[in-house]
Amino acid sequence: PDVLFNKSDLAEATSVPPTSEPLGSKHGKDPDDAILGTVRALVSAKQLLEARSFALQVADHPATRDAGRIGAAIVASKNRLIDLAAVYLRLVPDEKALTLAPTEWYQVQLNLDPDAALKHFRDSAERHFPSATWVLVIKGSLRHGLPGAAAELCRLFLENPAHANEECQ
């Protein structure tokens with residue numbers, strides 16, 4: 001897998017004083033994006049224990065706490081532990097979680113309050129969410145007995161020029 005950090009990178013990043021370069025800077029990436037890229041790569045490689053361990057180690061450090069918690073939520077979500085994912089995401093500002101892990105954020109929100117999640121998604125539809133987020137929200141609409149909302153979201157997705165050249169998975 002395309003893992004951006006290995007254990008020695010993590011050890012080096014977490015053993016240095018907080019005033020040093022943030023995790024990911026030597027790789028030329030935003031630390032949060034680099035951390036979550038590593039978590040997602042490990043999850044994709046079905047290395048869920050390693051992904052969880054990495055995310056929780058990162059969450060132990062103030063400079064990377066939010067990214068670690070979001071990473072732990074991604075792993076919990078992948079394991080269909082939505083309540084656990086919700087616990088981790090509640091510890092992070094909503095906007096940051098929504099920006100860095102929109103699919104998992106909406107998965108949690110749909111579980112908590114489907115109507116509010118759908119309203120929020122419709123109100124935020126001008127944002128460019130990944131196709132996976134759209135699919136999750138549309139499926140969630142159907143699962144919660146809201147076919148009209150699902151149809152409206154499908155129309156919004158298809159009408160959005162940002163999705164014209166995007167491959168749907």
Is Lys119 salt-bridged to Asp115, going by a charged N under 4.0 Å from an acidic O? no
Ignoring hydrogens and angles, write down the donor-acceptor pairs under 3.5 Å from the side chains of residues 71-80, residues two or more places apart or on other chains.
| unit_1 | atom_1 | unit_2 | atom_2 | d |
| --- | --- | --- | --- | --- |
| Ser77 | OG | Gln107 | OE1 | 2.1 |
| Asn79 | ND2 | Val75 | O | 3.2 |

Could you pull out the closest heavy-atom pair between Ala67 and Leu36, with the gap in Å? O-CD2, 3.4 Å
Could you tell me whether the side chain of Val39 reaches within less than 4.5 Å of the side chain of Arg52, counting heavy atoms only? no
For Leu142 against Pro147, the heavy-atom pair lying closest together: CD2-CA, 3.9 Å
With side-chain hydrogen bond (donor to acceptor under 3.5 Å, both in side chains) as the rule and sequence neighbours excluded, what pairs involving residues 136-155 come up? Arg155-Glu159
Check step by step if side chain to side chain contact (heavy atoms under 4.5 Å, CB included) holds for Asn111 and Asp83. CA-CA 8 Å; Asn111 194 49; Asp83 291 338; 3.4 Å; yes
Phe129 to Ser124 - nearest heavy-atom pair and separation: CE1-O, 3.5 Å
Verify same cluster id: Tyr88, Val92 (apolar side-chain graph, 4.5 Å): no
Mind checking the CD1-CG spacing from Ile70 to Leu100? Nearest 0.5 Å is all I need. 4.5 Å
Do Phe121 and Leu156 belong to the same hydrophobic cluster, where Ile, Leu, Val, Met, Phe, Trp and Tyr are linked whenever their side-chain heavy atoms lie under 4.5 Å apart, directly or via other members? yes
Side-chain donor/acceptor of Ser53 to backbone N/O of Leu49, under 3.5 Å: no
Starting from Val137, can I reach Leu146 by hopping between I/L/V/M/F/W/Y residues whose side chains sit under 4.5 Å apart? yes
Using the side chain to side chain contact (heavy atoms under 4.5 Å, CB included) rule, take Trp134 and Cys154 through it: C-alpha gap first, then chi angles, then the decisive distance, then the call. CA-CA 8 Å; Trp134 282 86; Cys154 284; over 6 Å; no
Approximate separation, where rounding is to 0.5 Å, of Leu136 CG and Trp105 CH2: 12.0 Å
Output for pair (Thr64 OG1, Ile35 CD1), nearest 0.5 Å, gives 4.5 Å
Calculate, to the nearest 0.5 Å, the distance between atoms CD1 and CG belonging to Ile82 and Leu110 respectively. 10.0 Å
Assign the ring pair His120 / Tyr106 to parallel, tilted or perpendicular, where the plane angle (0 to 90°) is split at 30° and 60°. tilted
Verify the cluster assignment for Leu56 and Leu81: are they in a single hydrophobic cluster under the rule of side-chain heavy atoms below 4.5 Å apart? yes
Pairs where residues 64-75 contributes a residue and the test salt bridge (charged side-chain N to carboxylate O under 4.0 Å, His left out) is met, not counting sequence neighbours: Asp66-Lys96
